[in-house]
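For reference, the structure discussed in these notes is given below.
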Amino acid sequence: QLQFVESGGGLVQPGESLRLSCAASRFTLGDYVIGWFRQAPGKEREGVSVISSSGLSKDYAEFAKGRFTTSRDNAKNTVYLQMDSLKPEDTAVYFCALGRYYSLNPKVGYNYWGQGTQVTVSS
């Protein structure tokens, strides 16, 4: 029913890994900048990563650098967020978003959003 769907969230212990996927059925993801964002309870939505339409450019929030990696396979119409060394403070709903502007700001240029997938990091 959704235009695109995030998957791969779940419950993990600190230090473990998850890989999130964003797959499209009604969009060609290769035409868009793809951002990953997250929102924890009681907090504002924040940027996690951004990847250009070609996949040649990537940027990360400071908390994600060295731990998270975004990539894309346009032939499969899928974008990924690999999350390693997860911490309890990473607990949030993670969203994939499509846009035309290369930005980590969720308020700039991201008009199409997935439903989100829950990531919980707890021991």
Side-chain angles (χ1 to χ4, degrees):
Q1 294 180 349
L2 299 174
Q3 299 176 74
F4 54 95
V5 177
E6 303 100 328
S7 62
L11 173 64
V12 297
Q13 295 182 338
E16 295 183 341
S17 299
L18 286 171
R19 187 182 71 168
L20 307 184
S21 298
C22 178
S25 60
R26 299 179 64 181
F27 292 90
T28 300
L29 294 186
D31 293 337
Y32 295 90
V33 170
I34 305 297
W36 287 96
F37 304 88
R38 70 185 189 184
Q39 188 165 17
K43 297 183 178 180
E44 293 294 315
R45 183 176 51 188
E46 62 181 345
V48 177
S49 69
V50 59
I51 184 169
S52 64
S53 59
S54 67
L56 295 177
S57 297
K58 306 171 185 179
D59 280 284
Y60 302 90
E62 287 298 323
F63 65 79
K65 291 180 179 177
R67 297 191 299 127
F68 295 3
T69 304
T70 187
S71 61
R72 63 194 305 161
D73 187 339
N74 287 340
K76 296 182 179 179
N77 217 23
T78 303
V79 179
Y80 304 97
L81 181 67
Q82 176 69 39
M83 303 186 294
D84 298 323
S85 301
L86 284 163
K87 305 174 181 179
E89 52 263 44
D90 295 319
T91 296
V93 177
Y94 284 71
F95 299 90
C96 173
L98 281 57
R100 298 293 189 182
Y101 298 100
Y102 186 82
S103 176
L104 281 169
N105 187 343
K107 300 180 180 180
V108 176
Y110 292 102
N111 293 320
Y112 302 99
W113 295 79
Q115 85 288 350
T117 185
Q118 178 70 47
V119 172
T120 302
V121 185
S122 180
S123 61

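Please read these numbers as outputs of a predicted model, since none were measured by experiment. The first residue in the sequence is number 1, and the count goes up from there.
The shortest heavy-atom contact between Val108 and Ser103 is CB-OG, 4.1 Å. The shortest non-hydrogen separation linking Phe27 to Ala24 is O-CB, 3.4 Å. Nearest heavy-atom pair, Trp113 versus Pro106, reported as atom, atom and distance to 0.1 Å: CZ2-O, 3.6 Å. Of all non-hydrogen atoms in Leu20 and Gly9, the two that sit nearest each other are CD2-N, 3.6 Å.
Between the side chain of Asn77 and the backbone N or O of Thr28, no donor-acceptor pair lies under 3.5 Å. Gln115 places a side-chain N or O within donor-acceptor distance of the main-chain N or O of Glu6, the cut-off being under 3.5 Å.
The stretch residues 13-22 participates, sequence neighbours left out, in these side chain to side chain donor-acceptor pair (under 3.5 Å) pairs: Ser17-Asp84. Applying the salt bridge (charged side-chain N to carboxylate O under 4.0 Å, His left out) test to residues at least two apart or on different chains, the pairs with a partner in residues 45-55 are Arg38-Glu46.
Remark: of the listed residues Phe95, Phe37, Tyr101, Phe37 is the sole one forming a ring-ring contact (aromatic ring centres under 6.0 Å, His included) with Tyr110.
Under the side chain to side chain contact (heavy atoms under 4.5 Å, CB included) criterion, Lys58 pairs with Ile51, Tyr60, Thr70, Ser71, sequence neighbours left out. For Asn74, the side chain to side chain contact (heavy atoms under 4.5 Å, CB included) partners two or more places apart in sequence, or in a different chain, are Arg72. For the side chain to side chain contact (heavy atoms under 4.5 Å, CB included) test, residues two or more places apart in sequence or in another chain that qualify with Val121 are Val12, Pro14, Leu86, Pro88, Asp90, Thr91, Val119. Evaluation of the side chain to side chain contact (heavy atoms under 4.5 Å, CB included) rule for Lys43 yields Ala40 as partners, not counting sequence neighbours.
Within the model, atoms CG of Asp59 and OG of Ser49 stand 9.5 Å from one another, a figure rounded to the nearest 0.5 Å. Interatomic distance, OH of Tyr94 versus SG of Cys22, reported as 15.0 Å (0.5 Å rounding). Atom OG in Ser57 sits 5.0 Å away from atom OH in Tyr102 (nearest 0.5 Å).
Follow the hydrophobic side-chain contacts under 4.5 Å out from Val93 and you never reach Ile34; the two are in separate clusters. Leu98 and Trp36 fall within the same hydrophobic cluster, defined by Ile, Leu, Val, Met, Phe, Trp and Tyr side-chain heavy atoms under 4.5 Å apart, directly or through other members.
By the 4.5 Å heavy-atom criterion applied to side chains, Phe4 and Cys96 are counted as neighbours. With a 4.5 Å cut-off on side-chain heavy atoms, Gln82 and Phe68 do not count as touching.
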